[in-house]
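This report concerns only the one structure given below.
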Amino acid sequence: MNKKLAKLKYLPNNFEIIENGDHVICVVSGKLISLESLNYWNVELQEPYFSYVEAHKKKETN
């Protein structure tokens, strides 16, 4: 990873790269997520999650 933060638009089944980079940051844990590993996000909130664990934690707090 070259440690450049990407800016993404999260869509229902994929994401669109708005600003090139190689990772995003999980809003729950603060962990770096490489774009190749990004599988969990919320379209409505436009937030990425490191894994199903963080996605579930976020859902529980809402």
Exercise. Is the CD atom of Glu44 crowded by more than 12 outside heavy atoms at less than 6.0 Å?
Worked result: no

For this session: Determine the minimum heavy-atom distance between Phe15 and Leu38, stating which atoms define it.
Result: CE2-CD2, 3.7 Å

Exercise. Would His56 and Glu60 count as a side-chain contact (heavy atoms from CB on, under 4.5 Å) if you check the C-alpha gap in whole Å, the side-chain angles of each, and the deciding distance to 0.1 Å?
Worked result: CA-CA 6 Å; His56 183 72; Glu60 284 182 334; 3.1 Å; yes

Problem set entry | For the student: nearest non-hydrogen atoms of Phe50 and Tyr40, plus distance | O-CD1, 4.4 Å

Exercise. Which heavy atom in Tyr49 sits nearest to a heavy atom in Val27, and how many Å separate them?
Worked result: CE2-CG2, 3.4 Å

Problem set entry | Where Pro48 and Val24 come nearest, the two heavy atoms and their spacing | CB-CG2, 3.8 Å

Exercise. Does the pair Ile33 and Ile25 meet the rule for a side-chain contact (heavy atoms from CB on, under 4.5 Å), with working shown?
Worked result: CA-CA 6 Å; Ile33 311 162; Ile25 299 173; over 6 Å; no

Problem set entry | Over all atoms of both residues, closest heavy-atom pair of Leu8 and Leu35 | CD1-CD2, 3.8 Å

For this session: State whether the side chain of Trp41 and the backbone N or O of Ala55 hold a donor-acceptor pair below 3.5 Å, judged by distance alone.
Result: no

Exercise. Would you say the side-chain atoms of Gln46 pair up with the backbone N or O of Tyr10, donor to acceptor, closer than 3.5 Å?
Worked result: yes

Problem set entry | Reported OG-to-NZ distance for the pair Ser51 and Lys57, which is rounded to 0.5 angstrom | 8.0 Å

Seminar exercise, completed: Asp22 and Lys3 have their tightest heavy-atom pair at OD2-N, 3.0 Å

For this session: Look at the side chain of His23 and the backbone N and O of Lys4, then say whether any donor-acceptor pair between them is shorter than 3.5 Å.
Result: yes

